[in-house]
**Student:** 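Sharing a structure, written as structure tokens. Questions coming.
Because only heavy atoms are used, hydrogens play no part in the values below, and waters and symmetry mates are left out as well, while side chains stay in. Every value quoted in this text rests on a predicted model; they were computed, and no experiment measured them. Both counts, for ligands and for their atoms, begin at 1 and track the order of listing.
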Amino acid sequence: METLFIIDTVSHKELIDITYQVEDIIHKSNIKAGFCIVYIPHATAGIILNESADPNIKTDFLNAINKAIPEHNNYLHDRIDNNAAAHIKSALCGSSATIPISNGKLELGTWQSIMLCEFDGPRTRKIIVQVYQSNV
Ligand code: ZN
């Protein structure tokens, strides 16, 4: 089963918790055991699993990744559309997460959330969720 939802980001760089939207899809799928893939088909955004209960983690994450990959650092791609840093951050974060489902729920750790990473916003982002049922 595949479904998708849209998130309109509001900042140039931000982390957005999308756990609720994915949980809603799992609930509606009625699949009790299996796994899901959460995938973002964009080259300047990413998907990560991390804590969002403390919003400082989002700020710390963005500060750290912005320090590691500064904007406009003589990147060749900046000559084309001026967003090379966003592409590099997207590649490092990855574009998907695979999460087991048990008893109809995502098997996330207590402090884990699914987050969309926006690195070149604001933009309209599509998130694809595929849910698979296991045979057990
Ligand atoms: Zn580009």
Side-chain angles (χ1 to χ4, degrees):
M1 181 198 145
E2 175 176 311
T3 189
L4 63 84
F5 59 93
I6 303 293
I7 297 277
D8 290 318
T9 65
V10 296
S11 301
H12 188 246
K13 300 178 194 69
E14 63 180 317
L15 266 56
I16 299 171
D17 190 334
I18 57 168
T19 310
Y20 173 79
Q21 289 91 331
V22 178
E23 282 176 339
D24 192 48
I25 289 166
I26 304 301
H27 179 71
K28 286 175 179 158
S29 79
N30 213 28
I31 289 173
K32 301 300 178 199
F35 64 95
C36 76
I37 297 172
V38 181
Y39 171 71
I40 189 159
H42 300 282
T44 56
I47 297 287
I48 62 167
L49 301 179
N50 214 300
E51 176 172 340
S52 78
D54 177 4
N56 290 322
I57 297 287
K58 295 177 185 172
T59 304
D60 289 341
F61 176 87
L62 288 172
N63 286 342
I65 200 165
N66 291 336
K67 192 172 175 185
I69 304 149
E71 299 279 335
H72 314 304
N73 198 20
N74 296 316
Y75 304 115
L76 300 177
H77 181 73
D78 279 353
R79 297 175 196 166
I80 297 170
D81 65 1
N82 211 28
N83 65 356
H87 287 292
I88 296 167
K89 291 171 193 169
S90 167
L92 291 176
C93 287
S95 300
S96 67
T98 305
I99 306 153
I101 299 164
S102 182
N103 298 315
K105 294 193 162 119
L106 293 169
E107 287 249 37
L108 290 169
T110 304
W111 301 108
Q112 279 184 312
S113 295
I114 309 165
M115 284 188 277
L116 181 167
C117 305
E118 175 60 81
F119 297 123
D120 194 28
R123 289 178 188 251
T124 297
R125 300 301 196 174
K126 179 164 70 174
I127 293 119
I128 296 170
V129 181
Q130 287 196 336
V131 190
Y132 296 86
Q133 187 167 13
S134 70
N135 292 324
V136 290

**Student:** Would you indicate whether the side-chain heavy atoms of I18 and M115 approach each other to under 4.5 Å?
**Tutor:**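 A side-chain contact under 4.5 Å is absent here.
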
**Student:** Tell me every residue that passes side chain to side chain donor-acceptor pair (under 3.5 Å) with K13, counting only those two or more places apart in sequence or in another chain.
**Tutor:**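 Here the qualifying residues are E71.
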
**Student:** Ignoring water, what protein N, O or S atoms are under 2.8 Å from the Zn ion (ligand 1)?
**Tutor:**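 Sorted hits: H77 NE2, D81 OD1, D81 OD2, N83 OD1, H87 NE2.
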
**Student:** By the side-chain hydrogen bond (donor to acceptor under 3.5 Å, both in side chains) test, which pairs, at least two apart or in different chains, include something from residues 56-65?
**Tutor:**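 As it turns out, the side-chain hydrogen bond (donor to acceptor under 3.5 Å, both in side chains) pairs with a partner in residues 56-65, which skip direct neighbours, are D54-N56.
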
**Student:** Not counting sequence neighbours, which residues clear side chain to side chain donor-acceptor pair (under 3.5 Å) with S95? List them please.
**Tutor:**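 None.
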
**Student:** Quick one: do W111 and S52 satisfy side-chain contact (heavy atoms from CB on, under 4.5 Å)? Show the steps, please.
**Tutor:** CA-CA 7 Å; W111 301 108; S52 78; over 6 Å; no

**Student:** State, with a plain yes or no, whether a side-chain heavy atom of T9 is found less than 4.5 Å away from one of L116.
**Tutor:**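 T9 reaches L116 side chain to side chain.
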
